[in-house]
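The residues of the chain are indexed from 1 along the displayed sequence. Source: prediction; values computed, not measured.
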Amino acid sequence: MFPLNNQLTNNMFSSKMKTYFRSNTLSFVVLILSSSLTLHAEEPVSPTLVVGNPLPVINYTNQWEEPSPILADTTKVLFIADMDASKIIHPILEKEGKGYLESKQAVLVSDIHRMPFLISKFVALPKMKSYPYTLRLVREEKLADPFPRTKGSVTMMQLKEGKITKIQISSGEKDVKDFLDMSQGK
C-alpha cells in the first residue's frame, strides 16, 4: 500500500506542479511581452525631416576633432550615410578644392556612427584629414536619424534662415554638382 500511496502522491504533486508551471509560464511570457512592448513604445522615434523643418542642432565635430557647427548663413547641406554616397560627393569636392563648399555656402555632413571604431580611427579618419574640405561628422547613434536618405545616394537640402526649403536625393554626380552650383534664389 505504501508504494501505491507514494505513487498517487507523486502523480498528484506532478499534476499540480505541471498546472502551476503552465499558468506561471504563461504569466511570465505575458509579462515579458508587455514589458518589451512598453519599452519599445517609450523609445522616441525621430521623424524624418521635411520641407519647412529647421535643421536639427547637432554638435558636429570635423575630421580634425574640432567643433564644427553649421553656421547660420549656410544655404546648402549635403548629407551622406554610406560609402557609396561618399564615392559620389568626394570626387567633386577633391576636384574643386579648398574653399569650394564655403563659396557655395554649403556643408557636408557624414554619418559615420556605424563605422567600426578601429576602421574609423586608423583608416577612415586619417584619410579624411587629407581632404581639402571640412566634413561635419555624426558619430553617435540616432543623431542623424531625421535626415532623409537612400542607400548609395546623397541627400541635398536647401536652407533659408535655417529652415529646409528643398530636399533632393540623388545618386548622380551631375545632380550633386548642379545642386551645389545652383544660386540661392532658385
Report the C-alpha distance between D111 and R149 in whole Å, list the side-chain angles of each, state the deciding distance to 0.1 Å, and finish with yes or no for salt bridge (Lys or Arg N to Asp or Glu O under 4.0 Å). CA-CA 11 Å; D111 182 2; R149 70 192 75 202; 3.4 Å; yes
Short question: side chain of K76, backbone of M182 - any donor-acceptor pair under 3.5 Å? yes
With L78, the side-chain contact (heavy atoms from CB on, under 4.5 Å) member among L180, I92, V109: L180
Considering all heavy atoms of both residues, which atom of L101 and which atom of Y133 are nearest to each other, and what is their separation? CD1-CB, 4.1 Å
Determine whether a donor-acceptor pair (N or O, by modelled atom type, separation under 3.5 Å) exists between the side chain of Q63 and the backbone of M128. yes
Quick check on E161: does its CD atom have over 12 non-hydrogen neighbours (other residues, nucleotides or ligands) under 6.0 Å away? no
Check whether any side-chain N or O of D82 sits under 3.5 Å from a backbone N or O of G152 as a donor-acceptor pair, and report yes or no. yes
Backbone N or O of P148 within a donor-acceptor pair of the T155 side chain at under 3.5 Å? yes
Going hydrophobic residue to hydrophobic residue with side-chain gaps under 4.5 angstrom, can you get from I169 over to I89? no
Is the backbone N or O of M157 less than 3.5 Å from a side-chain atom of Q168, with the two atoms forming a donor-acceptor pair by type? no
Salt bridge check: are R114 and E141 linked by an N-O gap of less than 4.0 Å? no
To the closest 0.5 Å, what do you measure between CG (N59) and CD (E140)? 8.5 Å
Salt-bridged, E65 to R139, with N to O below 4.0 Å? yes
Give the minimum heavy-atom separation between A81 and F79, together with the two atoms involved. CB-CE2, 3.8 Å
So, S68 side chain and R136 main chain: donor-acceptor pair closer than 3.5 Å or not? no
Please answer: with hydrophobic residues joined when any side-chain heavy atoms are less than 4.5 Å apart, are I112 and I119 in the same cluster? yes
If we ignore hydrogens and angles and just use 3.5 Å, is the side chain of N53 paired with the main-chain N or O of V50 as donor and acceptor? yes
